[in-house]
Amino acid sequence: MKKVKKAVIPAAGLGTRFFPATKTIPKEMLPVVDKPTILYVIEEAMQAGIEDIVLIQGRGKTAIEDFFDISYELEDKLIKDGKADILLSIEKIRSSVNIVSIRQKAALGLGHAVRCAKPVVGDAPFAVLLGDEITITNSRSENITAHLCDQYERNHASSVWVLPI
Ligand code: UTP
């Protein structure tokens with residue numbers, strides 16, 4: 001049984017429920033305390049042992065992939081000002097996971113977004129994490145994606161995490 005090493009993160013939705021906040025800012029980039037939502041999502045995937053992240057992007061969403069690029073001027077200033085620790089969370093992601101970006105040419109829904117990852121994922125097992133959804137658990141060390149990957153490896157079947165509302 002192959003281990004789950006790939007994750008697909010759909011982030012190409014139009015974000016109409018958060019309009020007008022999402023008119024020019026992807027909802028996945030809206031901050032929760034001091035970090036954009038997508039950073040929590042990618043950290044969860046990374047901590048679950050994911051090595052390749054396939055981001056599904058759409059029009060107006062380039063801020064998400066730009067976020068993980070090196071910003072030389074800004075980063076140089078932070079280092080010179082003795083604030084390098086601020087960069088740690090992003091640096092950890094850059095050095096631990098590969099981020100691949102795929103364009104969903106039209107927002108045709110979540111299922112279609114996941115399907116767009118096929119050329120990169122192929123037949124490998126993969127996790128899907130929503131780019132706009134973070135889950136708060138009772139214990140800080142609990143990782144939902146890691147649970148789902150364990151279930152997959154134990155039962156040899158797809159697993160879904162649902163939230164009662
Ligand atoms: P949502 O249904 O919450 O996103 O999809 P949405 O379509 O942006 O929602 P509205 O417009 O506020 O109702 C869950 C995740 O799937 C992505 C979204 O970006 C979100 O992270 N998604 C959704 C896509 O990647 N492509 C789509 O066509 C739809």
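As a basis for the values below, the full set of heavy atoms in this structure was taken, side chains included, without hydrogen atoms, waters or symmetry mates. When a ligand or atom number is given, it counts from 1 through the structure's own listing order.
In terms of N/O distances under 3.5 Å, ligand 1 is approached by Leu14. Distances between N or O atoms of Gly13 and those of ligand 1 include at least one value under 3.5 Å. Between Leu130 and ligand 1, a contact under 3.5 Å exists for no N or O pair. Taking distance alone, with nitrogen or oxygen atoms compared against 3.5 Å, Ile56 stays at or beyond that limit from ligand 1.
Taking atom 26 (N) of ligand 1 as the reference point, the nearest protein heavy-atom neighbour is Gln104 OE1, 2.7 Å. Protein heavy atom at the shortest distance from atom 16 (O) of ligand 1 is Leu110 CD1, 3.5 Å. Nearest non-hydrogen protein atom to atom 13 (O) of ligand 1 is Arg17 NE, 2.9 Å. Taking atom 14 (C) of ligand 1 as the reference point, the nearest protein heavy-atom neighbour is Asp132 OD1, 3.9 Å. At the shortest separation from atom 25 (O) of ligand 1 among protein heavy atoms lies Ala12 N, 2.7 Å.
The closest heavy-atom contact to atom 21 (O) of ligand 1, among the options Pro10, Gly109, Gly15, comes from Pro10.
Under a cut-off of 6.0 angstrom, the local environment of CZ in Arg59 is sparse, with at most 12 non-hydrogen atoms contributed by other residues, nucleotides or ligands. No more than 12 heavy atoms of other residues, nucleotides or ligands sit less than 6.0 Å from atom NZ of Lys92. Taking a 6.0 Å sphere around CG of Asn155, one finds it holds more than 12 heavy atoms contributed by other residues, nucleotides or ligands.
Applying the 4.0 Å criterion to heavy atoms of Ala113 picks out, from ligand 1, the atoms 24 (C), 25 (O), 26 (N). Counting atoms of ligand 1 from 1 in the listed order, those under 4.0 Å from a heavy atom of Ala107 are 28 (O). Near Glu28, meaning under 4.0 Å from one of its heavy atoms, ligand 1 places the atoms 18 (C), 19 (O), 20 (C), 21 (O). The contact set between ligand 1 and Leu108, taken as ligand atoms under 4.0 Å from a residue heavy atom, comprises 28 (O). Listed by number with element, the atoms of ligand 1 under 4.0 angstrom from any heavy atom of Thr16 are 10 (P), 11 (O), 12 (O), 13 (O).
Side chain of Lys6 to main chain of Ile50: no donor-acceptor pair is present (N/O by atom type, distance under 3.5 Å, no hydrogens or angles). Remark: side-chain polar atoms of Glu75 are paired, donor with acceptor, to backbone N or O of Ser71 under 3.5 angstrom. In this structure, Asn143 contributes its side chain and Thr145 its backbone to a donor-acceptor pair below 3.5 Å. Checking side-chain atoms of Arg103 against main-chain N and O of Ile56 turns up no donor-acceptor pair under 3.5 Å. Although no hydrogens or angles enter the test, the distance criterion places no donor-acceptor pair under 3.5 Å between the side chain of Tyr152 and the main chain of Lys3.
Close to ligand 1: Lys27, with a non-hydrogen atom less than 4.0 angstrom away.
Note that CG of Leu39 is 4.5 Å distant from CD1 of Ile93, once rounded to the nearest 0.5 Å.
Side-chain contact of Thr37 with Glu28: a donor-acceptor pair under 3.5 Å is absent, judged by distance alone.
Within a 4.0 Å radius of atom 2 (O) of ligand 1, the protein has at least one heavy atom.
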Residues Leu129, Glu44; criterion side chain to side chain contact (heavy atoms under 4.5 Å, CB included); working and verdict: CA-CA 9 Å; Leu129 294 89; Glu44 176 178 327; 4.1 Å; yes
